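If you're wondering where the values come from, they're calculated on a predicted model, not measured in any experiment. All values below come from the heavy atoms of this structure, side chains included, with hydrogens, waters and symmetry mates left out.
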Amino acid sequence: MLQEIIGQVSAQLSAGLKEKVGLDPDQAKQALDLSKDSLVSSISREAISGNLDGILDMVNMGASADQSPVFQNLLGGLDKDLISKMGVSPEIAGKISTVVLPAIIKAISDYKEGNLDISDLTKMIGGGLGDSFLGKAGDLLKGGLGNFFK
């Protein structure tokens, strides 16, 4: 579902990248594809590490989401990916990130008018991640409970 939400704002983002950053249509598409992959991966890492509350706080903050530590982590990861995988300068990566990330977070927030809960978030992130997250949580519980009973 997260990828669908990102797909819904792709045309708007592509236009913004052309206008605000000066990318040609091919570069804009490449930047969007890379941004989508980077953000899905970064949000997944945050979720698997147990930071669902941080993600929820960020997406429910609306216009002030950029004040969230999770937002700043996503921004840094996106910048690094744009620089290393697309070969743009840090300045261009920063411009791309500041166009793409706020629009995507706003689209996620608008999904339920800034009132997402844990079940919305896990549905949005997707089945594969959910399975991975549940597996990790299960391992942690087994280890914790197993050690408790030793």
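The list of side-chain hydrogen bond (donor to acceptor under 3.5 Å, both in side chains) pairs with a residue in residues 65-74, not counting sequence neighbours, reads E46-N73. Sorted by first then second residue, the salt bridge (charged side-chain N to carboxylate O under 4.0 Å, His left out) pairs that include residues 74-93, not counting sequence neighbours, are D81-K85, E91-K95.
Residues forming a side chain to side chain donor-acceptor pair (under 3.5 Å) with D117 (at least two apart in sequence, or on another chain): S119. Applying the side-chain contact (heavy atoms from CB on, under 4.5 Å) rule to S14 yields the partners K18, A28, L32; only residues at least two apart in sequence or on another chain are considered. Partners of I118 under the side-chain contact (heavy atoms from CB on, under 4.5 Å) rule, at least two apart in sequence or in another chain, are L52, D53, L56, T122. Annotation: salt bridge (Lys or Arg N to Asp or Glu O under 4.0 Å) contacts of K29 (sequence neighbours excluded): D33.
In this structure, CD1 in I108 is found 6.0 Å from CE in M58, a value given to the nearest 0.5 Å. Atom CD1 of residue I55 and atom OG of residue S49 lie 7.0 Å apart, to the nearest 0.5 angstrom. For the atom pair CG (L23) and CE (M86), the distance works out to 5.5 Å, reported to the nearest 0.5 Å. Atom-to-atom distance recorded for I92:CD1 and L17:CG is 10.5 Å, nearest 0.5 angstrom. For the atom pair L101 CG and F71 CZ, the distance stands at 4.0 Å (nearest 0.5 Å).
Side-chain atoms of Q27 come within 3.5 Å of backbone N or O of D24 as a donor-acceptor pair. No donor-acceptor distance shorter than 3.5 angstrom exists from the side chain of S38 to the backbone of L34, with no hydrogens or angles considered.
Taking every heavy atom of both residues into account, L13 and A103 meet most closely at CD2-CB, 3.3 Å. Here the shortest heavy-atom pairing between A93 and L82 reads O-CD1, 3.7 Å.
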Evaluate side chain to side chain contact (heavy atoms under 4.5 Å, CB included) for V21 paired with V99, printing each intermediate quantity in order.
-> CA-CA 8 Å; V21 184; V99 168; 4.1 Å; yes
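No chain of hydrophobic side-chain contacts below 4.5 Å, direct or via other Ile, Leu, Val, Met, Phe, Trp or Tyr residues, connects V100 to I83.
When the options S41, S35, S42 are evaluated for a side-chain contact (heavy atoms from CB on, under 4.5 Å) with L78, the one that passes is S35.
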